A.B. asks: 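Have a look at this one before I ask anything.
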Amino acid sequence: MAFSEFEIKQIERAAAAFLEVRRPPAGVRHQVDLQVRINEQSIEVIELRPHHSDLSKAVESPAAKAEYVGQGQSWRVYWMPSDLEWHVYEPQPEVHRGVLHAGQRG
């Protein structure tokens, strides 16, 4: 089930706060930046860099993902290494509802 409009607004506020402290300084954001994308039941952190041969185009590289697990009211956390496959994040593959400040459901 997709996030509700209310949940999306909560996630957007939390994502803005998350990015506020993690984005590179304004002077280098044309070289590297971070963005958060909300999908049906997941939130992705994406790194943006200019394309090497066309600086007007951005290359998106997914870095991390949190996926809502409805029955357990928790989030499953993933990261994407150089093999370009999502891997469960160890040492804590699941984060329970009260731990996250973003998109708490229930």
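By convention here, the first residue in the shown sequence is residue 1. None of these values were measured; they are calculated from a predicted model.
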A.B. asks: Extract all donor-acceptor atom pairs below 3.5 Å that involve side chains of residues 11-20 and protein atoms in other chains or at least two apart in sequence.
C.D. replies:
none

A.B. asks: List for me each residue that meets salt bridge (Lys or Arg N to Asp or Glu O under 4.0 Å) alongside Glu47, sequence neighbours excluded, and say none if there are none.
C.D. replies: Arg49
A.B. asks: Quick one: name the residues clustered hydrophobically with Val21, using the 4.5 Å side-chain heavy-atom rule over I, L, V, M, F, W, Y, and just say none if it's on its own.
C.D. replies: none
A.B. asks: May I have the list of side-chain donor-acceptor pairs in residues 25-35 shorter than 3.5 Å, sequence neighbours left out?
C.D. replies:
unit_1: Arg29; atom_1: NE; unit_2: Pro24; atom_2: O; d: 2.7
unit_1: Arg29; atom_1: NH2; unit_2: Pro24; atom_2: O; d: 3.2
unit_1: His30; atom_1: ND1; unit_2: Gly27; atom_2: O; d: 3.3
unit_1: Asp33; atom_1: OD1; unit_2: Arg23; atom_2: NE; d: 2.8
unit_1: Asp33; atom_1: OD1; unit_2: Arg23; atom_2: NH2; d: 3.3
unit_1: Asp33; atom_1: OD2; unit_2: Arg23; atom_2: NH2; d: 2.6

A.B. asks: Please list all pairs meeting side-chain hydrogen bond (donor to acceptor under 3.5 Å, both in side chains) that have one or both residues in residues 54-67, counting only residues at least two apart or in different chains.
C.D. replies: Arg37-Glu60, Asp54-Ser56
A.B. asks: Through direct or indirect side-chain contacts below 4.5 angstrom among Ile, Leu, Val, Met, Phe, Trp and Tyr, which residues connect to Leu48?
C.D. replies: Ile46
A.B. asks: Does Ile43 belong to the same Ile/Leu/Val/Met/Phe/Trp/Tyr cluster as Ile8, with side-chain heavy atoms less than 4.5 Å apart forming each link?
C.D. replies: yes
A.B. asks: Shared ILVMFWY cluster between Tyr89 and Val95, side chains joined below 4.5 angstrom?
C.D. replies: yes
A.B. asks: Can you name the residues that form a side chain to side chain contact (heavy atoms under 4.5 Å, CB included) with Pro50, not counting sequence neighbours?
C.D. replies: Leu55
A.B. asks: Taking CD in Glu5 as the centre, count heavy atoms belonging to other residues, nucleotides or ligands within less than 6.0 Å. Is the count above 12?
C.D. replies: no
A.B. asks: Among all residues two or more places apart in sequence or in another chain, which pass the side chain to side chain donor-acceptor pair (under 3.5 Å) test with His52?
C.D. replies: none
A.B. asks: Flag the pair Asn39 / Glu44 as yes when at least one side-chain heavy-atom distance between them is below 4.5 Å, and no otherwise.
C.D. replies: yes
A.B. asks: Under the side-chain contact (heavy atoms from CB on, under 4.5 Å) rule, what do His96 and Trp75 come out as? Steps first, then yes or no, please.
C.D. replies: CA-CA 6 Å; His96 294 282; Trp75 295 86; over 6 Å; no
A.B. asks: What distance separates Tyr68 OH from Arg76 CZ, expressed to the nearest 0.5 Å?
C.D. replies: 12.0 Å
A.B. asks: Using distance only, find each side-chain donor-acceptor pair of residues 79-86 under 3.5 Å and give its atom names and separation, not counting sequence neighbours.
C.D. replies:
unit_1: Asp83; atom_1: OD1; unit_2: Glu85; atom_2: N; d: 3.0
unit_1: Asp83; atom_1: OD1; unit_2: His87; atom_2: NE2; d: 3.2
unit_1: Asp83; atom_1: OD2; unit_2: His87; atom_2: NE2; d: 2.7

